[in-house]
Participant: 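Before anything else, here's the structure in question.
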Amino acid sequence: MDERNEIALPQRRGTDSEKWDGLSALFSRDDLLPLWVADMDFKVPACVREALHRAVDHGAFGYYIIPDRYYDSILGWERRRHGTEWKREWVRNAPSVVTGLFHLVQALTQPGDAILIQTPVYMPFYRIIQDTGRRAVYNPLKEAEGIYTIDLADFERKIVEEKVTTFLLCSPHNPVGRVWKREELQGMLDCCRRHGVQVFSDEIHHDLMMPGHTHISAASLWVGEGRPVTLFSASKTFNLAGMKNAVMILPEQDQRDRFDRFQKTLGVGEGSTLDYIAVAAAFSGGDAWLDTVLDQVWENYQYMKNALELFPAVTVSPLEGTYLMWLDLGKAVSRDALHDFVEGACRLAPDYGHWFYPEGEKGDTHIRLNLAAPRATIEKAAAQLTAALTALVQ
């Protein structure tokens with residue numbers, strides 16, 4: 001049996017999928033091949049489907065006690081896959097990583113506080129800061145031939161000059177696909193520790209490592225008090241975004257006390273019974289499934305990259321982590337013509353690079369392509385993109 005064919009979803013249109021059925025709302029047409037929004041066109045692991053079937057067949061959905069196996073599955077996964085040791089009492093739950101960041105910012109910072117982020121970055125980071133009444137400070141990543149690095153001198157200068165209190169770290173980085181090296185993380189963390197800056201580390205893509213790369217959790221490198229808060233989820237790893245569950249690791253007692261006091265003011269209860277069942281099953285038994293997915297994503301990246309090598313005007317960033325390919329069309333097509341080219345000529349629905357920059361910085365010419373799909377989808381996308389590029393240069 002070909003495991004990759006087994007996990008491929010045959011059809012997502014007509015299933016209320018945002019990725020497939022939400023095209024018209026965002027792109028004003030529904031005939032595009034969707035490679036946007038970061039969810040997978042793969043079935044979730046069989047262990048998850050089986051656990052959910054058992055729960056549904058049992059037929060009881062009354063009040064639920066979060067079982068030990070939920071926490072054990074998370075801690076066991078982190079130990080098994082990453083060598084990271086977390087304690088159960090550090091764990092808190094949220095409906096999503098984004099919601100968790102919203103709550104952390106409100107619980108552990110003050111209105112008007114300066115919060116540093118590294119651009120380009122996952123779009124909700126901007127909303128988290130703006131909608132909570134905090135102030136964004138930008139440390140732009142440096143880019144050369146599609147490779148992004150950290151400007152550590154600017155990082156520290158901004159912290160000092162802008163009196164930054166908090167750093168929202170994206171690790172691995174979305175959208176540029178970087179897996180930060182130990183020395184890069186250590187440089188940022190040492191700077192934060194020197195200046196008393198707390199770190200919230202969004203590590204939602206930490207399980208999605210490409211060959212030759214290893215995730216290092218920011219908290220594991222911190223020395224002394226004030227360790228970073230870490231956030232991750234089964235949503236990206238196992239295609240469970242609709243299950244509304246994320247994990248926050250708060251290693252400091254003061255962090256937990258302040259967060260717990262804030263959560264009481266929200267009047268929010270625990271998540272859905274099926275959420276916890278799905279997440280526990282995934283983290284307990286999803287290893288082989290994830291390995292299959294990672295192999296498929298890496299081969300999809302190689303296929304698309306090879307197809308684009310015939311077009312030197314296209315700059316492809318190396319994919320180190322995530323399943324999201326970041327490429328620049330700026331040498332082939334102008335920013336003004338970008339949407340017409342990608343949607344009209346290529347018939348693709350990507351995430352656009354300018355979406356990942358602050359409001360007002362609209363000149364970017366990147367697109368982000370979701371590679372978590374069966375090979376046939378990627379082959380079709382590559383054919384449409386290269387045909388349009390060929391016509392463009394003729």
Side-chain angles (χ1 to χ4, degrees), residues 45 47-48 68-94 97 100 104 150 167-174 177-190 192-193 198-240 245-253 255-256 278-298 318-324:
C47 60
V48 174
D68 289 342
R69 65 178 176 276
Y70 167 77
Y71 294 99
D72 292 344
S73 72
I74 295 166
L75 300 177
W77 175 269
E78 290 296 294
R79 186 181 307 114
R80 188 168 70 250
R81 300 289 296 202
H82 303 290
T84 307
E85 294 286 346
W86 307 118
K87 295 182 179 180
R88 175 171 172 170
E89 60 264 30
W90 297 354
V91 179
R92 296 294 185 271
N93 301 305
V97 165
L104 284 169
I150 296 160
F167 170 38
L168 299 191
L169 170 63
C170 192
S171 177
H173 193 88
N174 176 15
R178 278 298 318 277
V179 173
W180 301 123
K181 297 176 182 177
R182 179 180 295 270
E183 56 267 27
E184 291 174 308
L185 285 169
Q186 197 70 67
M188 292 187 289
L189 295 173
D190 287 348
C192 288
R193 192 169 60 250
Q198 64 184 335
V199 180
F200 301 157
S201 187
D202 175 356
E203 301 183 11
I204 195 170
H205 292 277
H206 75 311
D207 292 317
L208 302 164
M209 295 289 103
M210 296 299 105
H213 296 280
T214 302
H215 173 75
I216 302 171
S217 182
S220 71
L221 299 181
W222 192 272
V223 178
E225 298 180 350
R227 286 168 290 184
V229 176
T230 306
L231 302 95
F232 57 90
S233 172
S235 63
K236 292 294 182 283
T237 305
F238 296 108
N239 204 26
L240 291 172
N245 176 277
V247 176
M248 296 177 288
I249 306 292
L250 292 85
E252 305 288 346
Q253 185 65 54
Q255 295 169 344
R256 298 193 295 275
V279 170
F283 280 134
S284 296
D287 296 72
W289 178 94
L290 178 60
D291 292 340
T292 298
V293 166
L294 292 176
D295 287 345
Q296 180 68 79
V297 170
W298 179 244
L319 184 63
E320 300 178 354
T322 82
Y323 50 73
L324 305 165

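The first residue of the sequence shown is numbered 1, and numbering continues consecutively from there.
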Participant: Distance check, rounded to the nearest 0.5 Å: Q296 atom CD versus D291 atom CG?
Facilitator: 13.5 Å

Participant: Has the side chain of Q198 got a donor or acceptor atom that lies under 3.5 Å from a matching backbone atom of C192?
Facilitator: no

Participant: Of all residues at least two apart in sequence or in a different chain, which pass the salt bridge (charged side-chain N to carboxylate O under 4.0 Å, His left out) check with D190?
Facilitator: R193

Participant: Do H206 and E78 have a side chain donor and acceptor closer than 3.5 Å?
Facilitator: yes

Participant: More than 12 heavy atoms of other residues, nucleotides or ligands under 6.0 Å from CD of E85: yes or no?
Facilitator: yes

Participant: Looking at CG of L231 and SG of C170, how far apart are the two atoms once the value is rounded to the nearest 0.5 Å?
Facilitator: 11.0 Å

Participant: For residues T322 and H173, report the shortest heavy-atom separation together with the two atoms involved.
Facilitator: CG2-O, 4.2 Å

Participant: Is the shortest heavy-atom distance from the side chain of V91 to the side chain of Y71 under 4.5 Å?
Facilitator: yes

Participant: So do T214 and V179 actually touch side chain to side chain, heavy atoms under 4.5 Å?
Facilitator: no

Participant: May I ask you to test the L75-R88 pair for a side-chain heavy-atom distance under 4.5 Å?
Facilitator: yes

Participant: Working to the nearest 0.5 Å, report the span between NE2 of H215 and CD of E320.
Facilitator: 13.5 Å

Participant: Looking at every non-hydrogen atom in both residues, tell me the closest pair between L169 and A218 and how far apart they are.
Facilitator: CD2-CB, 3.9 Å

Participant: Checking E184 now: which residues fulfil salt bridge (charged side-chain N to carboxylate O under 4.0 Å, His left out) with it, not counting sequence neighbours?
Facilitator: R178

Participant: What residue among T230, I216, I204, L185 forms side-chain contact (heavy atoms from CB on, under 4.5 Å) with S171?
Facilitator: L185

Participant: If I compare all heavy atoms of G286 with all of C47, which pair ends up nearest, and what's the gap?
Facilitator: N-SG, 4.1 Å

Participant: Which pair of non-hydrogen atoms, one from P228 and one from A219, has the smallest distance, and what is that distance?
Facilitator: CD-CA, 3.8 Å

Participant: Could you report the tightest heavy-atom contact between A282 and W77, atom names first, then the distance?
Facilitator: O-CZ3, 4.4 Å

Participant: So do L104 and V229 actually touch side chain to side chain, heavy atoms under 4.5 Å?
Facilitator: yes

Participant: Is a donor from one side chain sitting under 3.5 angstrom from an acceptor on the other, for H82 and D207?
Facilitator: yes

Participant: Go through the steps for M188 and I150 under the test side-chain contact (heavy atoms from CB on, under 4.5 Å), then give the verdict.
Facilitator: CA-CA 9 Å; M188 292 187 289; I150 296 160; 3.4 Å; yes

Participant: Measure up the F238 and F283 rings against each other and bin them: parallel (under 30°), tilted (30 to 60°), perpendicular (over 60°).
Facilitator: perpendicular

Participant: Does the pair V247 and R92 meet the rule for a side-chain contact (heavy atoms from CB on, under 4.5 Å), with working shown?
Facilitator: CA-CA 6 Å; V247 176; R92 296 294 185 271; over 6 Å; no

Participant: In Å and rounded to the nearest 0.5 Å, what is the CE to CG distance from M209 to L290?
Facilitator: 10.5 Å

Participant: Has T237 got a side-chain atom pairing as donor or acceptor with A234's backbone, closer than 3.5 angstrom?
Facilitator: no

Participant: Any idea which heavy atoms bring L189 and W222 closest together, and the distance?
Facilitator: O-CZ3, 3.6 Å

Participant: Do N174 and H205 touch side chain to side chain, with heavy atoms closer than 4.5 Å?
Facilitator: yes

Participant: Distance from Y70 atom OH to S284 atom OG, nearest 0.5 Å?
Facilitator: 11.5 Å

Participant: Would you call W90 and M248 a side-chain contact if the rule is heavy atoms closer than 4.5 Å?
Facilitator: no

Participant: List the residues meeting salt bridge (charged side-chain N to carboxylate O under 4.0 Å, His left out) with D287, not counting sequence neighbours, and say none if there are none.
Facilitator: R80, R81

Participant: State, yes or no, whether a side-chain contact exists between V48 and L240 at a heavy-atom distance under 4.5 Å.
Facilitator: yes

Participant: Any donor and acceptor pair, going by atom type alone, linking the side chain of S201 with main-chain N or O of E203 inside 3.5 Å?
Facilitator: no

Participant: To the nearest 0.5 Å, what is the distance between CZ (R69) and CD1 (I74)?
Facilitator: 12.5 Å

